[in-house]
Protein chains: 2
Amino acid sequence: MNDRSAQRLAMLQEALTSGGTLHVRDAAELCGVSEMTIRRDVTTQPSAISLLGGRLVMANYPGVTPVYDLTEQQASHYQIKHRLCQRVVSFIEEGDTLFIDCGSTLIPLLSQLSHFRELTVVTYALNVANAVATLSNVRLVLLGGLFYASSQSFGSDGMRAAIERLGINKALISAAGVDCERGVSCFHFHEVAPKQAAIATAMQRLLIVDASKFGLVRPAYFAALSDFDIVVTDDEHAPELLDCLPKASLSVTVA
Amino acid sequence: MNDRSAQRLAMLQEALTSGGTLHVRDAAELCGVSEMTIRRDVTTQPSAISLLGGRLVMANYPGVTPVYDLTEQQASHYQIKHRLCQRVVSFIEEGDTLFIDCGSTLIPLLSQLSHFRELTVVTYALNVANAVATLSNVRLVLLGGLFYASSQSFGSDGMRAAIERLGINKALISAAGVDCERGVSCFHFHEVAPKQAAIATAMQRLLIVDASKFGLVRPAYFAALSDFDIVVTDDEHAPELLDCLPKASLSVTVA
DNA sequence: GCGTTAATGTTAAAATTATAACATTCAGTG
DNA sequence: CACTGAATGTTATAATTTTAACATTAACGC
């Protein structure tokens with residue numbers, strides 16, 4: 001609420017921009033005030049910095065740990081997505097060029113890619129790129145464009161063409177809705193072009209969806225279920241649900 | 001060093017993948033062991049998880065706070081860069097389309113962009129994109145391509161053309177070396193094309209360099225000093241150093 | 001200058017977290 | 001089955017962090 005307080009916060013924020021933590025003790029010295037003042041600065045007004053065990057850390061800073069606790073529900077969600085991704089890993093082979101879709105479903109996959117010797121990942125999602133950027137064994141190709149915050153991904157005119165020019169091996173696609181008759185859909189229209197392009201060029205197409213997505217139809221339709229070679233899901237009833245499919249070659253894997 | 005210990009770590013790691021923190025108390029419950037065991041798991045062996053004020057946080061996870069303390073030196077560097085960026089802000093106008101270069105110099109600028117009503121930022125750097133992605137008032141255009149970890153930025157064939165197609169207002173360029181006679185240079189060759197393209201299309205060209213860069217020549221030359229309209233630096237002697245320039249229109253600002 | 005109020009500083013107590021030492025459990029062996 | 005050693009649990013203690021109450025300082029208007 002104070003002018004100087006705001007200034008200090010800005011200063012600390014910048015000190016923390018590139019990650020790392022700062023002890024309140026050091027922050028106090030840096031700003032030339034007492035620890036208590038630093039605490040108050042950070043506590044009494046909403047800011048990007050939070051206090052964790054005596055250290056300042058960026059709360060919501062780009063690509064930095066948001067400091068909030070996991071709810072039990074969230075933790076269980078991770079469990080599901082993790083299991084799905086474990087299954088997906090088994091389809092990946094050394095040297096593959098993977099297209100990885102946006103969303104949260106495939107995030108747990110990325111830490112598991114470090115076990116390979118050499119891979120290439122193509123994506124149009126910022127969070128995927130961030131995760132892959134830390135892996136020294138994975139070549140990262142990010143398809144840029146205008147950023148859409150809602151899906152943490154990029155979109156551009158040339159994306160379809162850019163994807164089709166790449167030698168993508170396997171397309172790992174996620175979705176917000178899967179319906180036997182109405183096909184596979186997502187929320188955002190700018191995701192349609194990259195998803196379709198990846199499906200068109202990839203040699204193998206995997207759809208990864210957790211059970212909650214079945215029977216749902218979302219605004220942006222992008223593929224038929226028969227466009228996929230493999231469906232990875234945690235739904236025990238998925239095989240029956242997908243029975244409606246004519247294409248016999250579709251393989252369903254329940255994680 | 002234990003089988004079960006490793007398993008627990010993996011489990012916790014996954015719970016933390018998408019950011020967030022986990023209290024040792026909760027982690028203990030989640031794993032069905034005592035807090036002490038969790039502490040030992042995390043402490044006694046090298047792992048991606050670290051313990052911060054009673055909570056588990058990912059240490060080096062993609063886009064997540066690495067948990068180490070800032071050195072005093074680092075902190076003072078931020079001070080300098082922050083001051084430079086404060087000066088740069090004064091050149092920015094409402095509605096501008098800014099090209100923002102890669103590197104650490106311009107990072108402190110980004111948090112100050114939130115004061116504007118509406119801006120567009122064009123960049124080819126991942127860390128810049130991450131910072132801008134959190135600002136709702138800034139349109140972000142990321143130029144993608146193959147990722148270069150050394151500079152946290154992307155490079156591609158089409159980048160030069162892509163940049164020249166954009167209506168960039170002001171180019172904010174950083175450099176690793178500035179020399180009167182040998183011009184302005186950087187470390188990585190893939191940065192040359194985007195920098196040059198931005199300089200070519202922008203209406204106003206700013207070079208932002210701290211004092212330590214003067215007199216240095218780096219492998220990749222990309223511009224002459226006379227290509228810039230404004231030089232923002234913290235070196236008091238900069239005006240003299242830049243005296244060698246023939247072009248009178250070059251404006252030097254000492255932060 | 002004086003009074004008023006907001007901002008900051010100081011201190012001591014409370015709460016929390018970390019550490020160390022020792023107790024217990026468990027798996028594997030002879 | 002007892003022995004062994006690693007792994008885990010328990011407890012008490014030490015260190016640290018947080019909070020709250022109050023003291024001090026600085027800023028501002030009259």
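Note on naming: letters A, B, ... go to the chains in the order of the sequence lines (proteins, then strands), and numbering restarts at 1 for each one.
The distance between atom CG of Leu52(A) and atom P of dT16(D), rounded to the nearest whole Å, is 17 Å. Taking atom CZ of residue Arg8(A) and atom P of nucleotide dA7(C), one finds them 10 Å apart after rounding to whole Å. Leu22(B) has its CG atom 13 Å from the P atom of dT17(C), to the nearest Å. Atom CZ of Arg55(B) is separated from atom C1' of dT18(D) by 13 Å (rounded to the nearest Å). When rounded to the nearest whole Å, the span between CG of Asp26(A) and C1' of dT16(D) equals 15 Å.
Here His23(A) does not reach the OP1 or OP2 of dT16(D): none of its side-chain N or O atoms lies under 4.0 Å away. Note on Arg25(B): a side-chain N or O is less than 4.0 Å away from OP1 or OP2 of dT17(C).
Phe116(B) is listed as a side-chain neighbour of Val89(B), based on a closest heavy-atom distance under 4.5 Å. Between Val132(B) and Thr123(B) there is no side-chain heavy-atom pair separated by less than 4.5 Å. Residues Leu172(A) and Asp101(A) fail the side-chain proximity criterion, which asks for heavy atoms closer than 4.5 Å. Here the side chains of Val232(B) and Phe91(B) are in contact, with some heavy-atom distance below 4.5 Å. Looking at Leu56(A) and Ile38(A), their side chains come closer than 4.5 Å, going by heavy atoms from C-beta outward. Residues Val128(B) and Leu110(B) form a side-chain contact, since some pair of their non-hydrogen atoms from C-beta on lies under 4.5 Å apart.
The bend of the helix from dG1(C)-dC30(D) to dG30(C)-dC1(D), defined by the angle between the axes of its first five and last five pairs, stands at 20° to the nearest 10°.
Looking only at distances, no side-chain donor or acceptor of Ser174(B) sits under 3.5 Å from a matching main-chain atom of Ile208(B).
Looking at residues 33-41 of chain A, you'll see Met36(A), Arg39(A) sit with a heavy atom under 4.0 Å from some atom of DNA chain D.
Asn169(A) meets the side chain to side chain contact (heavy atoms under 4.5 Å, CB included) test with Asp96(A), Thr97(A), Met203(A); sequence neighbours excluded.
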